Engineer: 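Before anything else, here's the structure in question.
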Protein chains: 2
Amino acid sequence: MADSFLPPSPLFLREAEVRRGIELLYFGYSSLIKRADDKLAGTPYGRAHHRALYFMARQPGLTVSELLRLLDITKQSLGRVLTDLQDNGLVEQKVGERDRRQRRLFLTEAGKTFEHELFDLLRRRMAEAYAEAGQQAVGGFWSVLRGLLPTDLREAVADLQQGD
Amino acid sequence: MADSFLPPSPLFLREAEVRRGIELLYFGYSSLIKRADDKLAGTPYGRAHHRALYFMARQPGLTVSELLRLLDITKQSLGRVLTDLQDNGLVEQKVGERDRRQRRLFLTEAGKTFEHELFDLLRRRMAEAYAEAGQQAVGGFWSVLRGLLPTDLREAVADLQQGD
DNA sequence: AAAAAAGAGTCAGCCATATTGACGCATCTT
DNA sequence: AAGATGCGTCAATATGGCTGACTCTTTTTT
């Protein structure tokens with residue numbers, strides 16, 4: 001069944017193993033988000049909106065600049081996306097309490113509902129892959145991916161907190 | 001050091017674990033290709049060109065329709081990319097021997113050189129992550145990613161052959 | 001042999017998402 | 001009081017996708 005995906009050999013830095021990893025990472029990522037993309041196609045939103053919604057669900061109350069750092073896009077690009085989501089009542093802002101220059105971002109109830117529908121599509125697929133591969137494999141999956149991140153991103157990802 | 005990335009618990013299908021996987025997959029993929037993107041920024045080519053070059057290096061002589069299936073884009077989108085690469089002498093076509101409707105795609109020497117420079121950037125980072133995580137983790141990494149692919153893609157990825 | 005299907009290329013036009021650089025305003029820090 | 005920071009917005013541009021239609025060649029089917 002899985003003969004084409006042999007476990008890595010002791011010489012596991014050879015080109016073939018690296019290419020295999022690149023390809024699985026590329027196709028795995030694409031496959032995961034494909035279902036969400038399909039759902040988004042029936043809405044006025046796109047991937048950029050989804051990513052913003054995702055992190056607002058993940059960390060309610062994060063600031064605009066925190067979101068910019070996570071998405072690694074420019075203020076202008078994010079601005080359009082946030083405007084769309086706010087105009088349609090999926091997202092709302094509150095002025096920061098400690099620092100009133102900051103705008104803290106929250107999903108409205110409608111926003112939470114929509115994000116959760118999208119998340120559920122990802123969850124199903126990811127949960128299937130986790131279950132199929134087994135708990136130990138999941139640890140390896142995390143470990144290798146974590147190794148791909150530069151140090152500052154490792155911290156930023158580790159700091160993400162689940163919102164309610 | 002890695003306290004924020006605890007190994008998956010027995011209840012490893014809970015939302016937090018799935019979100020962690022989604023995030024690592026997203027940031028891991030982005031981080032991996034970032035260096036190649038930076039190099040591409042100094043050329044007339046972009047990500048789309050890189051992806052096409054990658055698969056032509058991986059499977060020399062693949063046909064246009066095979067490449068279209070792998071990239072999952074339209075003929076028009078690929079057409080522009082291939083035209084650029086052919087006009088600049090990185091790619092050449094040969095009429096298929098068995099089926100003369102087909103156009104088989106090959107990298108020229110210049111194309112091989114350029115692709116290998118890009119690949120090397122990916123290779124370094126991936127090899128570091130493999131080495132840091134260990135051989136067993138790499139097996140888990142592959143296993144989970146493979147589980148994310150639909151059946152037909154699993155076959156297509158398994159069929160990819162390294163060219164010379 | 002004729003008809004249908006498949007592989008490839010191309011046209012025109014459109015859309016989503018990203019970019020740079022500059023500027024204004026409110027607020028916090030020094 | 002001066003400077004730095006957080007945010008929003010302007011205009012212009014690039015990239016890489018898309019649809020739908022049409023042609024040409026070659027292979028397959030009837």
Side-chain angles (χ1 to χ4, degrees), chain A residues 26 29-30 33-34 36-56 61-88 91-106, chain B residues 26 29-30 33-34 36-56 61-88 91-106:
Chain A
Y26 171 66
Y29 178 70
S30 307
I33 64 173
K34 186 157 190 59
D37 282 349
D38 292 346
K39 183 178 176 70
L40 286 165
T43 75
Y45 311 112
R47 256 189 219 184
H49 302 86
H50 184 195
R51 282 198 286 262
L53 288 172
Y54 180 93
F55 287 112
M56 289 186 274
L62 88 173
T63 67
V64 170
S65 61
E66 285 168 347
L67 184 53
L68 279 174
R69 273 192 292 274
L70 285 171
L71 296 174
D72 197 25
I73 58 176
T74 57
K75 205 164 32 162
Q76 290 71 10
S77 297
L78 179 58
R80 268 178 320 214
V81 166
L82 284 184
T83 301
D84 292 344
L85 296 172
Q86 283 168 336
D87 288 355
N88 292 323
V91 166
E92 59 188 4
Q93 288 186 338
K94 293 179 186 163
V95 170
E97 289 161 14
R98 270 209 346 267
D99 185 337
R100 290 175 47 206
R101 291 172 304 181
Q102 294 182 334
R103 299 290 178 271
R104 310 196 67 196
L105 300 166
F106 297 88
Chain B
Y26 170 66
Y29 177 71
S30 307
I33 64 174
K34 185 155 192 59
D37 281 350
D38 292 346
K39 183 179 175 70
L40 287 164
T43 76
Y45 310 113
R47 256 190 220 183
H49 301 86
H50 185 195
R51 282 199 285 263
L53 288 172
Y54 180 94
F55 287 113
M56 288 186 274
L62 88 173
T63 66
V64 170
S65 61
E66 286 168 346
L67 184 53
L68 279 174
R69 273 192 291 275
L70 285 171
L71 295 174
D72 196 26
I73 57 176
T74 58
K75 203 164 32 162
Q76 290 73 9
S77 297
L78 180 59
R80 270 180 316 212
V81 167
L82 284 184
T83 300
D84 292 343
L85 295 172
Q86 283 168 336
D87 288 354
N88 293 323
V91 166
E92 60 188 4
Q93 289 186 337
K94 292 178 187 164
V95 171
E97 289 161 16
R98 271 211 344 268
D99 185 337
R100 291 175 47 209
R101 290 172 304 181
Q102 295 182 332
R103 300 291 178 271
R104 310 195 68 196
L105 300 166
F106 297 89

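Letters go in sequence order (proteins before strands), and every chain restarts at 1. Quick caveat: nothing in here was measured; it's all calculated off a predicted structure.
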Engineer: Does C:dA18 have OP1 or OP2 under 4.0 Å away from a side-chain N or O of A:Arg51?
Structural biologist: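 Yes, such a contact exists.
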Engineer: Quick one: is D:dC18 close enough that its OP1 or OP2 comes under 4.0 Å of any side-chain N or O from B:Ser77?
Structural biologist: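 For D:dC18, OP1 or OP2 has a side-chain N or O of B:Ser77 closer than 4.0 Å.
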Engineer: In whole angstrom, give the distance that lies between atom CG of A:Leu78 and atom P of D:dG6.
Structural biologist: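 Value for this atom pair: 15 Å.
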Engineer: Atom CZ of B:Arg104 and atom P of C:dG9: how far apart are they, to the nearest Å?
Structural biologist: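 Nearest whole value for this atom pair: 14 Å.
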Engineer: Report yes or no: is there a donor-acceptor pair, N or O only, under 3.5 Å between the side chain of B:Gln76 and the base of D:dG20?
Structural biologist: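 Such a pair exists between side chain and base.
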Engineer: In whole Å, what is the span from the CG atom of A:Asp38 to the C1' atom of D:dC18?
Structural biologist: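 About 14 Å, once rounded to whole Å.
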Engineer: Side chain of A:Arg103 only, heavy atoms from C-beta on: which candidate in D:dG8, C:dT27, C:dG9 is closest?
Structural biologist: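 So the side chain of A:Arg103 is nearest to D:dG8.
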Engineer: Where do B:Leu105 and B:Phe55 land on the side chain to side chain contact (heavy atoms under 4.5 Å, CB included) test, with the steps shown first?
Structural biologist: CA-CA 10 Å; B:Leu105 300 166; B:Phe55 287 113; over 6 Å; no
Engineer: Under 3.5 Å, is there an N or O donor on one side and an acceptor on the other linking the side chain of B:Arg80 and the base of D:dG17?
Structural biologist: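 Side chain to base: pair present.
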Engineer: Write down the distance between CG (A:Leu85) and P (C:dT17), rounded to a whole number of angstrom.
Structural biologist: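 Computing the A:Leu85:CG to C:dT17:P distance gives 11 Å.
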Engineer: Can you check the B:Glu92 CD to C:dA8 P distance for me, whole Å?
Structural biologist: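 So the two atoms are 17 Å apart, to the nearest Å.
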Engineer: Round to the nearest Å and state the distance from B:Glu66 atom CD to C:dA8 atom P.
Structural biologist: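 To the nearest whole Å, that distance equals 8 Å.
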Engineer: Is A:His49 close enough to C:dT17 that one of its side-chain N or O atoms is under 4.0 Å from OP1 or OP2 there?
Structural biologist: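 Answer yes for this pair, as a side-chain N or O of A:His49 is under 4.0 Å from OP1 or OP2.
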Engineer: Show your reasoning for whether side chain to side chain contact (heavy atoms under 4.5 Å, CB included) applies to B:His49 and B:Leu40.
Structural biologist: CA-CA 9 Å; B:His49 301 86; B:Leu40 287 164; 5.6 Å; no
Engineer: Figure out the CD/C1' separation between B:Gln102 and D:dT28, and round it to whole Å.
Structural biologist: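 Whole-Å distance recorded here is 14 Å.
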Engineer: Considering just the side-chain nitrogens and oxygens of A:Thr74, establish if one lies under 4.0 Å of OP1 or OP2 belonging to C:dT19.
Structural biologist: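 Affirmative; the distance criterion is met.
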Engineer: Would you say B:Arg101 reaches C:dA8's phosphate, i.e. side-chain N/O to OP1/OP2 under 4.0 Å?
Structural biologist: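 B:Arg101 to C:dA8 OP1/OP2: no side-chain N or O under 4.0 Å.
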Engineer: How many Å lie between NZ on B:Lys75 and P on C:dA6, as a whole number?
Structural biologist: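 Whole-Å distance recorded here is 13 Å.
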Engineer: Testing the basics here: between B:Val91 and B:Met56, what is the closest heavy-atom pair and its distance to 0.1 Å?
Structural biologist: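 B:Val91 and B:Met56 have their closest heavy atoms at CG2-CE, 3.5 Å.
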Engineer: Does C:dG9 have OP1 or OP2 under 4.0 Å away from a side-chain N or O of B:Gln93?
Structural biologist: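 Yes.
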Engineer: Without swapping roles, check the side chain of A:Thr83 against the backbone of A:Gly79 for a donor-acceptor pair under 3.5 Å.
Structural biologist: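 Judged by distance alone, yes, a pair lies under 3.5 Å.
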Engineer: For A:Gly79, report the nucleic acid contact type (base, sugar-phosphate, nothing); a contact means any heavy atom under 4.0 Å.
Structural biologist: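 The answer is nothing, as A:Gly79 stays clear of every strand by at least 4.0 Å.
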Engineer: Between A:Gly96 and A:Ile73, who's closer to the 5' end of DNA chain C by nearest nucleotide?
Structural biologist: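 The residue whose closest nucleotide sits nearer the 5' end is A:Ile73.
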Engineer: Step by step, would you call A:Thr63 with A:Asp99 a side chain to side chain contact (heavy atoms under 4.5 Å, CB included)?
Structural biologist: CA-CA 11 Å; A:Thr63 67; A:Asp99 185 337; over 6 Å; no
Engineer: Want to settle it: does A:Glu97 or A:Gly46 sit nearer the 5' end of DNA chain C, counting the closest nucleotide to each?
Structural biologist: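 With A:Glu97 and A:Gly46 compared, the 5'-side residue is A:Gly46.
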Engineer: Using a 3.5 Å distance criterion without hydrogens, assess whether the side chain of B:Arg103 forms a donor-acceptor pair with backbone atoms of B:Arg101.
Structural biologist: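 Checking the backbone N and O of B:Arg101 against the side chain of B:Arg103, a donor-acceptor pair under 3.5 Å is found.
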Engineer: Looking at A:Ser65, does any N or O in its side chain come under 4.0 Å of the phosphate oxygens OP1/OP2 on D:dT5?
Structural biologist: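 No.
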